[in-house]
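Residue numbering restarts at 1 for every chain, and letters A, B, ... go by the order of the sequence lines.
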Amino acid sequence: MLTCKDASHLLSERQERPLGLRERCALRLHLWMCVSCRRFARQLGLLRRGMAALRQQLRGETRRAELSDEARARIRRALAEREGPPRTERL
Amino acid sequence: MTADPMTPAEATERSDPRDTLSPETWLDEHGNALYRYALLRLRDPHKAEDAVQETLLAALAARQRFTGDASVRTWLTGILKHKVTDQFRRDLRDVELDDPDELTEGTEGDDGEDFESSGRWRERLAPWGDPVAAVERRERLEGLQHCIEALPERLANLYWLREVMEEDTTTICKDLAITPNNLWTLLHRARLSLRRCLDRLWVRNTSHTG
(Lines give C-alpha, C1' and ligand atoms only; values in the text may rest on other atoms or scores of the structure.)
Protein backbone atom coordinates (compact mmCIF):
# COMPACT_ATOMS: atom_id res chain seq x y z
CA MET A 1 0.00 0.00 0.00
CA LEU A 2 1.26 3.47 -0.83
CA THR A 3 1.51 6.05 1.91
CA CYS A 4 0.55 9.65 1.19
CA LYS A 5 4.24 10.50 1.11
CA ASP A 6 4.88 7.85 -1.56
CA ALA A 7 1.83 8.94 -3.50
CA SER A 8 2.88 12.60 -3.45
CA HIS A 9 6.31 11.57 -4.73
CA LEU A 10 4.77 9.67 -7.62
CA LEU A 11 2.43 12.55 -8.43
CA SER A 12 5.42 14.83 -8.65
CA GLU A 13 7.47 12.35 -10.67
CA ARG A 14 4.57 11.95 -13.06
CA GLN A 15 5.52 15.42 -14.30
CA GLU A 16 9.06 14.23 -15.01
CA ARG A 17 8.70 10.74 -16.42
CA PRO A 18 5.98 8.32 -17.49
CA LEU A 19 5.00 6.10 -14.56
CA GLY A 20 5.05 2.32 -14.90
CA LEU A 21 1.89 0.26 -14.91
CA ARG A 22 2.30 -0.87 -11.30
CA GLU A 23 2.93 2.68 -10.15
CA ARG A 24 -0.12 3.94 -12.01
CA CYS A 25 -2.37 1.27 -10.50
CA ALA A 26 -1.09 1.82 -6.97
CA LEU A 27 -1.47 5.57 -7.36
CA ARG A 28 -4.97 5.30 -8.74
CA LEU A 29 -6.04 3.12 -5.85
CA HIS A 30 -4.53 5.53 -3.33
CA LEU A 31 -6.14 8.56 -4.93
CA TRP A 32 -9.48 6.82 -4.92
CA MET A 33 -9.25 6.52 -1.15
CA CYS A 34 -7.44 9.72 -0.19
CA VAL A 35 -8.97 13.17 -0.50
CA SER A 36 -5.75 14.99 0.52
CA CYS A 37 -3.74 13.36 -2.24
CA ARG A 38 -6.48 14.09 -4.76
CA ARG A 39 -6.21 17.71 -3.74
CA PHE A 40 -2.42 17.57 -3.92
CA ALA A 41 -2.66 16.18 -7.45
CA ARG A 42 -4.93 19.02 -8.45
CA GLN A 43 -2.68 21.59 -6.79
CA LEU A 44 0.37 20.28 -8.67
CA GLY A 45 -1.58 20.80 -11.88
CA LEU A 46 -2.46 24.35 -10.86
CA LEU A 47 1.16 24.99 -9.90
CA ARG A 48 2.37 23.95 -13.32
CA ARG A 49 -0.30 26.06 -14.98
CA GLY A 50 0.70 29.02 -12.84
CA MET A 51 4.33 28.54 -13.83
CA ALA A 52 3.37 28.55 -17.50
CA ALA A 53 1.51 31.83 -16.99
CA LEU A 54 4.45 33.26 -15.05
CA ARG A 55 6.75 32.27 -17.88
CA GLN A 56 4.61 34.17 -20.37
CA GLN A 57 4.50 37.21 -18.15
CA LEU A 58 8.26 37.25 -17.57
CA ARG A 59 8.99 36.78 -21.25
CA GLY A 60 6.90 39.87 -21.90
CA GLU A 61 8.60 41.89 -19.19
CA THR A 62 12.11 40.79 -20.12
CA ARG A 63 11.55 41.76 -23.72
CA ARG A 64 11.90 45.38 -22.64
CA ALA A 65 14.93 44.93 -20.38
CA GLU A 66 18.13 46.70 -21.37
CA LEU A 67 21.70 46.68 -20.18
CA SER A 68 22.31 49.62 -17.88
CA ASP A 69 24.76 52.31 -19.00
CA GLU A 70 27.10 51.31 -16.17
CA ALA A 71 27.10 47.68 -17.22
CA ARG A 72 27.59 48.66 -20.83
CA ALA A 73 30.57 50.86 -19.96
CA ARG A 74 32.06 48.16 -17.76
CA ILE A 75 31.76 45.53 -20.47
CA ARG A 76 33.21 47.92 -23.03
CA ARG A 77 36.22 48.51 -20.77
CA ALA A 78 36.72 44.78 -20.24
CA LEU A 79 36.62 44.17 -23.97
CA ALA A 80 39.03 47.01 -24.69
CA GLU A 81 41.49 45.75 -22.08
CA ARG A 82 41.39 42.28 -23.51
CA GLU A 83 41.78 43.50 -27.03
CA GLY A 84 45.03 45.30 -26.41
CA PRO A 85 45.70 48.76 -27.85
CA PRO A 86 43.18 51.37 -26.70
CA ARG A 87 40.51 52.22 -29.16
CA THR A 88 38.24 55.17 -29.48
CA GLU A 89 35.57 54.77 -26.85
CA ARG A 90 32.03 55.15 -27.89
CA LEU A 91 29.28 56.29 -25.56
CA MET B 1 40.94 24.81 -38.16
CA THR B 2 43.97 24.69 -35.88
CA ALA B 3 44.40 26.67 -32.71
CA ASP B 4 45.97 29.97 -33.58
CA PRO B 5 48.44 31.58 -31.20
CA MET B 6 48.06 35.03 -32.77
CA THR B 7 47.53 37.96 -30.50
CA PRO B 8 44.15 39.61 -30.78
CA ALA B 9 45.78 42.66 -32.39
CA GLU B 10 47.22 40.55 -35.18
CA ALA B 11 43.97 38.74 -35.47
CA THR B 12 42.17 42.00 -36.06
CA GLU B 13 44.50 42.91 -38.88
CA ARG B 14 44.14 39.58 -40.53
CA SER B 15 40.52 39.06 -39.72
CA ASP B 16 37.68 38.98 -42.11
CA PRO B 17 36.70 42.51 -43.12
CA ARG B 18 33.03 41.69 -42.65
CA ASP B 19 31.46 43.89 -40.06
CA THR B 20 30.04 40.93 -38.23
CA LEU B 21 33.48 39.98 -37.06
CA SER B 22 34.16 43.29 -35.47
CA PRO B 23 33.78 42.92 -31.70
CA GLU B 24 33.22 46.68 -31.50
CA THR B 25 29.72 46.22 -32.75
CA TRP B 26 28.78 43.14 -30.72
CA LEU B 27 27.87 45.01 -27.59
CA ASP B 28 25.80 47.60 -29.43
CA GLU B 29 24.03 45.21 -31.72
CA HIS B 30 23.56 42.16 -29.56
CA GLY B 31 24.13 43.31 -25.98
CA ASN B 32 20.49 43.75 -25.07
CA ALA B 33 19.38 40.53 -26.71
CA LEU B 34 22.05 38.59 -24.83
CA TYR B 35 21.17 40.37 -21.61
CA ARG B 36 17.48 39.46 -21.93
CA TYR B 37 18.33 35.84 -22.59
CA ALA B 38 20.54 35.72 -19.51
CA LEU B 39 18.19 37.69 -17.28
CA LEU B 40 15.24 35.40 -17.93
CA ARG B 41 17.35 32.42 -16.92
CA LEU B 42 19.46 33.80 -14.10
CA ARG B 43 16.80 36.11 -12.57
CA ASP B 44 19.53 38.44 -11.32
CA PRO B 45 20.58 41.56 -13.25
CA HIS B 46 24.17 41.43 -12.00
CA LYS B 47 24.67 37.79 -12.83
CA ALA B 48 23.09 38.45 -16.23
CA GLU B 49 25.46 41.38 -16.90
CA ASP B 50 28.44 39.24 -15.91
CA ALA B 51 27.29 36.47 -18.20
CA VAL B 52 27.09 38.92 -21.11
CA GLN B 53 30.57 40.21 -20.35
CA GLU B 54 32.04 36.72 -20.12
CA THR B 55 30.32 35.81 -23.35
CA LEU B 56 31.75 38.72 -25.28
CA LEU B 57 35.22 38.12 -23.87
CA ALA B 58 35.02 34.45 -24.80
CA ALA B 59 33.76 35.40 -28.25
CA LEU B 60 36.65 37.81 -28.65
CA ALA B 61 39.12 35.06 -27.84
CA ALA B 62 37.39 32.57 -30.11
CA ARG B 63 36.71 34.96 -32.93
CA GLN B 64 38.83 32.99 -35.38
CA ARG B 65 36.66 29.95 -34.91
CA PHE B 66 33.52 31.71 -36.01
CA THR B 67 32.77 30.13 -39.35
CA GLY B 68 30.00 32.40 -40.51
CA ASP B 69 27.64 29.48 -40.97
CA ALA B 70 25.36 30.89 -38.32
CA SER B 71 24.53 34.50 -37.63
CA VAL B 72 26.68 36.34 -35.11
CA ARG B 73 23.64 36.51 -32.82
CA THR B 74 23.22 32.74 -32.89
CA TRP B 75 26.91 32.20 -32.33
CA LEU B 76 26.99 34.58 -29.36
CA THR B 77 23.82 33.08 -27.89
CA GLY B 78 25.41 29.64 -28.09
CA ILE B 79 28.36 30.87 -26.05
CA LEU B 80 26.04 32.59 -23.60
CA LYS B 81 24.10 29.40 -23.05
CA HIS B 82 27.30 27.77 -21.80
CA LYS B 83 28.08 30.74 -19.58
CA VAL B 84 24.61 30.53 -18.03
CA THR B 85 25.06 26.82 -17.37
CA ASP B 86 28.44 27.60 -15.79
CA GLN B 87 26.74 30.09 -13.50
CA PHE B 88 24.18 27.49 -12.45
CA ARG B 89 27.01 25.07 -11.75
CA ARG B 90 28.83 27.68 -9.70
CA ASP B 91 25.70 28.35 -7.67
CA LEU B 92 25.39 24.66 -6.95
CA ARG B 93 29.09 24.08 -6.55
CA ASP B 94 29.33 24.03 -2.80
CA VAL B 95 26.78 21.33 -2.31
CA GLU B 96 26.90 17.66 -2.88
CA LEU B 97 24.15 17.20 -5.44
CA ASP B 98 24.25 13.49 -4.73
CA ASP B 99 22.73 14.28 -1.39
CA PRO B 100 19.43 16.10 -1.69
CA ASP B 101 19.32 16.48 2.09
CA GLU B 102 22.32 18.75 2.02
CA LEU B 103 20.78 20.92 -0.64
CA THR B 104 17.71 21.60 1.41
CA GLU B 105 19.29 21.36 4.82
CA GLY B 106 18.03 23.72 7.45
CA THR B 107 15.14 24.75 5.28
CA GLU B 108 11.52 23.90 4.99
CA GLY B 109 12.42 21.49 2.25
CA ASP B 110 12.24 18.46 4.43
CA ASP B 111 9.36 16.09 3.89
CA GLY B 112 8.87 15.92 7.63
CA GLU B 113 7.12 19.23 7.46
CA ASP B 114 4.27 17.76 5.45
CA PHE B 115 4.11 14.15 6.58
CA GLU B 116 3.88 12.21 9.80
CA SER B 117 6.40 9.44 10.31
CA SER B 118 3.71 7.02 9.18
CA GLY B 119 3.75 8.75 5.79
CA ARG B 120 0.32 10.36 6.16
CA TRP B 121 -0.24 14.08 5.57
CA ARG B 122 0.07 15.91 8.88
CA GLU B 123 -2.99 17.91 8.07
CA ARG B 124 -5.72 17.16 5.64
CA LEU B 125 -5.12 19.35 2.58
CA ALA B 126 -7.58 22.17 2.05
CA PRO B 127 -8.91 22.61 -1.46
CA TRP B 128 -7.64 25.64 -3.36
CA GLY B 129 -11.08 25.60 -4.78
CA ASP B 130 -10.48 27.97 -7.61
CA PRO B 131 -11.39 27.74 -11.20
CA VAL B 132 -8.19 26.96 -13.04
CA ALA B 133 -8.03 30.39 -14.65
CA ALA B 134 -7.69 32.02 -11.24
CA VAL B 135 -4.07 30.94 -10.80
CA GLU B 136 -3.19 32.92 -13.86
CA ARG B 137 -4.40 36.20 -12.41
CA ARG B 138 -1.63 38.73 -11.99
CA GLU B 139 -1.72 38.97 -8.19
CA ARG B 140 -1.62 35.21 -7.92
CA LEU B 141 1.43 35.10 -10.14
CA GLU B 142 3.08 37.61 -7.84
CA GLY B 143 2.37 35.27 -4.96
CA LEU B 144 3.87 32.41 -6.92
CA GLN B 145 6.99 34.41 -7.69
CA HIS B 146 7.27 35.39 -4.04
CA CYS B 147 7.07 31.74 -3.00
CA ILE B 148 9.76 30.74 -5.48
CA GLU B 149 12.08 33.43 -4.14
CA ALA B 150 11.38 32.13 -0.63
CA LEU B 151 12.80 28.71 -1.55
CA PRO B 152 16.44 27.99 -0.72
CA GLU B 153 18.28 29.67 -3.58
CA ARG B 154 19.68 26.52 -5.10
CA LEU B 155 16.34 24.79 -5.03
CA ALA B 156 14.75 27.85 -6.59
CA ASN B 157 17.37 27.79 -9.35
CA LEU B 158 16.71 24.16 -10.16
CA TYR B 159 12.97 24.62 -10.12
CA TRP B 160 13.30 27.72 -12.30
CA LEU B 161 15.44 25.87 -14.80
CA ARG B 162 12.92 23.06 -15.01
CA GLU B 163 9.60 24.90 -14.96
CA VAL B 164 10.31 28.33 -16.37
CA MET B 165 13.08 27.54 -18.81
CA GLU B 166 11.43 24.18 -19.55
CA GLU B 167 14.79 22.44 -19.67
CA ASP B 168 14.23 18.72 -19.90
CA THR B 169 15.34 16.45 -17.10
CA THR B 170 18.04 14.79 -19.19
CA THR B 171 19.73 18.08 -20.04
CA ILE B 172 19.66 19.31 -16.45
CA CYS B 173 21.11 16.04 -15.18
CA LYS B 174 23.87 16.14 -17.75
CA ASP B 175 24.72 19.84 -17.31
CA LEU B 176 24.72 19.74 -13.54
CA ALA B 177 26.08 16.20 -13.13
CA ILE B 178 23.18 15.00 -11.01
CA THR B 179 21.25 11.72 -11.14
CA PRO B 180 17.62 11.72 -12.30
CA ASN B 181 16.47 10.29 -8.98
CA ASN B 182 18.06 13.11 -7.02
CA LEU B 183 16.73 15.71 -9.41
CA TRP B 184 13.21 14.32 -9.03
CA THR B 185 13.53 14.37 -5.27
CA LEU B 186 14.73 17.97 -5.32
CA LEU B 187 11.95 19.08 -7.66
CA HIS B 188 9.44 17.29 -5.48
CA ARG B 189 10.74 19.13 -2.42
CA ALA B 190 10.48 22.40 -4.28
CA ARG B 191 6.88 21.60 -5.16
CA LEU B 192 5.98 20.61 -1.59
CA SER B 193 7.54 23.81 -0.33
CA LEU B 194 5.76 25.94 -2.91
CA ARG B 195 2.48 24.23 -2.16
CA ARG B 196 2.81 25.07 1.53
CA CYS B 197 3.71 28.66 0.75
CA LEU B 198 0.84 29.12 -1.70
CA ASP B 199 -1.52 27.39 0.70
CA ARG B 200 -0.68 30.04 3.28
CA LEU B 201 -1.19 32.81 0.76
CA TRP B 202 -4.24 31.53 -1.04
CA VAL B 203 -6.14 29.57 1.58
CA ARG B 204 -5.26 30.42 5.17
CA ASN B 205 -4.88 34.08 4.46
CA THR B 206 -7.94 35.38 2.73
CA SER B 207 -6.65 38.94 2.42
CA HIS B 208 -5.90 40.55 -0.90
CA THR B 209 -2.23 39.60 -0.91
CA GLY B 210 -3.01 36.23 -2.47
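Put simply, the side chain of B:Arg195 never gets that close to the backbone of A:Leu44: no donor and acceptor are under 3.5 Å apart. When atom types are taken as modelled, the side chain of A:Thr62 and the backbone of B:Arg36 share no donor-acceptor pair closer than 3.5 angstrom.
The shortest side-chain heavy-atom distance between A:Met51 and B:Ile148 falls under the 4.5 Å cut-off. Counting heavy atoms from C-beta outward, B:Arg162 and A:Glu16 have side chains that approach closer than 4.5 Å. Side-chain contact between A:Arg76 and B:Asp28: present, with at least one pair of heavy atoms (C-beta onward) separated by less than 4.5 Å. The closest side-chain heavy-atom distance from A:Glu13 to B:Leu187 is not below 4.5 Å. Side-chain contact between A:Lys5 and B:Asp114: absent, with no pair of heavy atoms (C-beta onward) separated by less than 4.5 Å.
From B:Leu125, atom CG reaches atom CZ of A:Arg38 across 12.0 Å, with rounding to the nearest 0.5 Å. The CD atom of B:Gln53 sits 10.5 Å away from the CG atom of A:Leu67 when rounded to the nearest 0.5 Å. Distance CD/A:Gln43 to CZ/B:Arg191: 13.5 Å, rounded to 0.5 Å. Atom CD of residue A:Glu70 and atom CD of residue B:Glu49 lie 8.5 Å apart, to the nearest 0.5 angstrom. We find the CG-CD distance between A:Leu54 and B:Gln145 to be 5.0 Å, quoted to the nearest 0.5 Å. Atoms CG and CZ, from B:Asn32 and A:Arg64 in turn, are 13.5 Å apart once rounded to the nearest 0.5 Å.
Only the side chain of A:Glu61 comes within less than 4.5 Å of a heavy atom of chain B; its backbone N, CA, C and O stay farther away. In this structure, the portion of A:Gln57 lying under 4.5 Å from any heavy atom of chain B is its side chain and not its backbone. Only the side chain of B:Tyr159 comes within contact range of chain A, with at least one heavy atom under 4.5 Å from a heavy atom of that chain. For A:Arg59, the parts lying near chain B are the backbone and the side chain together; criterion is any non-hydrogen pair under 4.5 Å. For A:Leu58, the parts lying under 4.5 angstrom from a heavy atom of chain B are both the backbone and the side chain.
Each of B:Thr169, B:Leu194, B:Leu144, B:Leu198 has some count of heavy-atom pairs under 4.5 Å with chain A, and the biggest count is that of B:Leu144. The candidate with the highest count of non-hydrogen atom pairs below 4.5 Å against chain B, out of A:Cys34, A:Ala7, A:Cys37, is A:Cys37. When each of B:Asp168, B:Leu56, B:Val52 is scored by its heavy-atom pairs under 4.5 Å with chain A, the top score falls to B:Leu56.
Residues B:His188 and A:Ser12 come closest through the heavy atom pair ND1-CB, 3.1 Å. Scanning both residues, A:Ala65 and B:Tyr35, for their nearest heavy atoms gives CB-CE2, 4.1 Å.
The aromatic rings of B:Trp121 and A:Phe40 sit tilted, their planes meeting at an angle between 30° and 60°.
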